[in-house]
Amino acid sequence: MIFAEIITAAKAQNLDLVQEFVLKLTPRARVVSERNSTTKPDGHFMSLEDATRLDREGEKPSVYEVWDSHEFKKDKESVRHVMDECVGQLVYDMQQIMALDPCRRFAFGTSIMNRSFRLWFCSRGTFLTAKPFDFLSDPEKLVRVFVSFAFASRPDAGWDTSMACILPTSPTEKRRYKIQVGSKTYVTIKMLSDYAADSPIGRATRVWLVVDEAGPPARYYVLKDVWVDAERDTEDEIRSNLLKDVEEKCGSNARAKVERHLLTPVAFEKLHIGASADDTTQLIMRGGSLPQNLHHLKLTVFQQSGSSTRSQVSPSDNAIDSVFSGTRERYLQQGDTGRKAPQVTSRFHYRIVFAERATTLYDEKNLGNVLGALADVTEALQWIHKSNWVHRDISCGNVYWYGCKTAGIEDKSRGLLGDLEFAKARIPGFPHEIRTGTFNFMASEVIAGNYLFLPRTGFSIFSSFNLRQDPARLLAIDSITPISSITPLPFNFNPLHDMESIWWILVYILYFNDDGKNVADAELANKRAAKAQLLFAQDGLIYQERQLFLEASLHLTVQQSCLSLSFGPIFALARAMGTILYAAYCDSEAKSPVIDEEAFGVHEALHQILHVARNNPQINTVQLVGTTRPQKRKIEDTEHSRGNGSSRSKRARNSTNNS
C-alpha cells in the first residue's frame, strides 16, 4: 500500500517521528453516529489507537473518530456526473463531521479521481479546495499530504483538546463531554440546542445543560460554545458594557432591574490551543490569506435521506435543512466578474456558562408564565432602550421563564433575556446596513431594511376625490409616485423593532400552539397553518404580510386570524399590543425625514397590558400544546440581502473557493 510505504520511509529517515494517524480504506461501509448519519466514505484517516481498537473489537468506525474523509473515483474530473457525485459525497461527509462532533474545530477531506488528487478543508470561517494535482507525475505533493496527516497532532488534525468525550457505557446512553472553561471543568448532562452547528460555516452555537465537576451534582448550569466574529465583543463584555451604560444614564436602581432580568455568567473564556487564541485565521490557517484571483467550484450536494443532524427538534419538525443542497451547477472560470473576491471569515472560539437553568418560550407551556416572561423582559428593555442600546435578536429562544422553585432556587420566578451577541449601543440616524435576528421574530422593517410606515403622500391623490363619482379624473393624472420610488431614509434599528419582536413572540405562540383543553379541529388547524405560513415563511418578502397584519391589528378578530375561539382573551391582548406598536411607528415616522424618538416609549403601555393579562385566570391557567413549528433560521451580520425573496432553499447553492 502506497501510504504504508511512505510512512515507513519517513520513519526510517527521522527516528523521532511518532505516527498518530493511519489511512483506512472502507468502501461502501457506513460510518455510524448517534443521529443516524448516512455518510459512507471510501476511506478515512483515524488515530492508530482507534484503528487498533476497532479492528480488535470488530466495530464500525464512527463520525467521532474519522478526521479526514476520502473519496475514490475511476473517472476523471471532466466526467461531470461523476465529479458531481464525488463532490457531493465528500462535502456531505465533512459537513457531518463538523455538525455531529462538538470536539471538531475544522475538518479535512481528500479525493482521487483517476490520477487527480484534491485536498479539501472546512472550518467555521471558510470552505476551500486546492487545485488538483497528478499524483503519479507529481508524487512529492502526495508524499507531503500523507506524511503531514500521519504525523499530525490532534489539535493540528482539528480536535479541541479542551473538550473530552465520556463514552457511553450502554447502548441507550448518549455521548457526554467534559468541557473546560477557564479553571473549571463542566460535565454535560444533555444537549439543549445545536441546530446552528449544522452549517459547516458559521457561529456553530451549541448549548448544553451541565454540572460543575467539582460542585454539587444537582446544581445545574447552562454552557454555550460558539465561534464569534473577530470584530465583535464577547457576550460577557457586551453584558458588562450594557449594564455600565444603564447605570450611568438611568441610575443604579435601573441597573439592578435590568441585571435581574439578564442571564448571569459564572465563567467565560476565549479558548486557546496551547498559547495561541483559537481562531479561524491566525491559528487554524496560520495567518495565511487568500489570493484574489481564485477559481470558484460550485458544489452540488443532494439531500441525504435520513440525514438529520438535529438533536433538538419537535417530532413534527422537518429533517435537516441541508446547507449544501441544490441542482447541478457549472464551474465558474478564474476571474469571473460575477463573483466577489473570496475571503475567510475570522472567528474566535468562545465559551460562557450561565447560572440559570431557564425554559425558553419555545418550550414553556403555561401561558401565564409566557406572559410573565414577556412583561419582565419588556420592563428590562425600557431601561436598556433608554440607555440607547438595542438587543437586535429577541426571539422565543432568547426569552426565558426562570421557574425558581422548579430549579430548587430560593428566589422569585421571573422572565430573563439572554443571548446578547447582537446587542449594541445605537447611534440615532446612523445607517443599519445589515440584518440581524431570528427570522420568525424579526420586525417587518428589519426584514425589509427600510422604513415602512412613512407618510404615504405618494398616494394621497386617492383620498382627494370620489372615484365612483368622477373616475375620469384618474385619466388626467400623468403618474402617481409609488412609495417605493421615494428616496428612502438611511435605515436605523431602533427600540420599536425590539418591541415588535416581543409582539411576534406572542403571535408565534398563538399560531404554533393549541389550548390544551380546546384543541383545534382539522379544518381550523389547516386554516391556521396556512395563515402561519404567510406570516412565518422563511422568505425575504414576508415583511409585506407582517406589515399588513400589524397595520390591521386593531380590526382583527380571532376568526379572521384563523385561531381557536378559546384564544379570544389572549388575542385581545395581541390586538392591543399591535395597535400600540402600529401607532408608535406612524408617529415616529410622521415627520420624515426626521424620526421622532419620543414615539419609541411604548414600554409602560405594553407592560401594563401584559401584566393585566398575566393575572387573568382565563389566560394564566391555559396549558399550551405544541403544533408543527417552522425551521429556525438565524440572520447574522454576514447576510446583506434585502427583501429579495430568497429563502434558504433558494440560496442553498453554495460555492467553494478553489485555491
[X] vs [Y] side-chain heavy atoms within contact, under 4.5 Å:
| X | Y | answer |
| --- | --- | --- |
| Tyr350 | Phe268 | yes |
| Glu364 | Tyr400 | no |
| Met113 | Cys86 | yes |
| Met285 | Val344 | yes |
| Val399 | Thr360 | no |
| Val31 | Lys60 | no |

By salt bridge (Lys or Arg N to Asp or Glu O under 4.0 Å), which residues pair with [X], not counting sequence neighbours?
| X | value |
| --- | --- |
| Asp236 | none |
| Asp138 | Lys141 |
| Asp225 | Arg351 |

With no hydrogens and no angle check, just 3.5 Å: does a side-chain donor-acceptor pair link [X] and [Y]?
| X | Y | answer |
| --- | --- | --- |
| Thr110 | Trp120 | no |
| Ser162 | Asp160 | yes |
| Thr169 | Glu173 | yes |
| Ser47 | Glu20 | no |
| Thr280 | Arg124 | no |
| Thr52 | Asp55 | no |
| Asp393 | Asn398 | yes |

Determine, step by step, whether Ser170 and Thr172 satisfy the side chain to side chain contact (heavy atoms under 4.5 Å, CB included) criterion, reporting the C-alpha distance in whole Å, the side-chain angles of both residues, the deciding distance to 0.1 Å, and the verdict.
CA-CA 5 Å; Ser170 72; Thr172 59; 3.2 Å; yes
So, do [X] and [Y] have ring centers that fall under 6.0 Å from each other?
| X | Y | answer |
| --- | --- | --- |
| Phe121 | Phe127 | no |
| Phe536 | Phe439 | no |
| Phe117 | Phe72 | no |
| Phe149 | Phe21 | no |

Let me see the working for Glu421 and Arg392 under salt bridge (Lys or Arg N to Asp or Glu O under 4.0 Å), right down to the final yes or no.
CA-CA 9 Å; Glu421 295 102 322; Arg392 303 198 304 162; over 6 Å; no
For Ile2, look at atom CD1 and say whether over 12 heavy atoms of other residues, nucleotides or ligands are found less than 6.0 Å away.
no
Could you tell me the separation between the [atom1] atom of [X] and the [atom2] atom of [Y], rounded to the nearest 0.5 Å?
| X | Y | atom1 | atom2 | value |
| --- | --- | --- | --- | --- |
| Glu235 | Lys224 | CD | NZ | 4.0 Å |
| Ser111 | Asp93 | OG | CG | 11.0 Å |
| Met191 | Glu34 | CE | CD | 9.5 Å |

Would you mind writing out the side-chain donor-acceptor pairs for residues 6-13 within the sub-3.5 Å range, not counting sequence neighbours?
from	atom 1	to	atom 2	distance (Å)
Thr8	OG1	Ala4	O	2.9
Lys11	NZ	Gln19	OE1	2.9

Look at the aromatic rings of Trp67 and Phe108 and report parallel, tilted or perpendicular, splitting at 30° and 60°.
perpendicular
Look at the aromatic rings of Phe3 and Phe146 and report parallel, tilted or perpendicular, splitting at 30° and 60°.
perpendicular
Which residues pass the ring pair (Phe, Tyr, Trp, His ring centres under 6.0 Å) test with Phe151, not counting sequence neighbours?
none
Just checking, Arg104 and Phe106: is the charged tip under 6.0 Å from the six-membered ring centre and within 45° of the axis?
no
Measure from NZ or CZ of Arg154 to the centre of the six-membered ring of Trp159 and say whether it is under 6.0 Å with the direction within 45° of the ring axis.
yes
Check against salt bridge (Lys or Arg N to Asp or Glu O under 4.0 Å), Arg105 and Asp278
CA-CA 9 Å; Arg105 302 157 46 239; Asp278 190 12; 3.0 Å; yes
For Lys184, which residues count as a side chain to side chain contact (heavy atoms under 4.5 Å, CB included) partner, sequence neighbours excluded?
Tyr186, Asp212
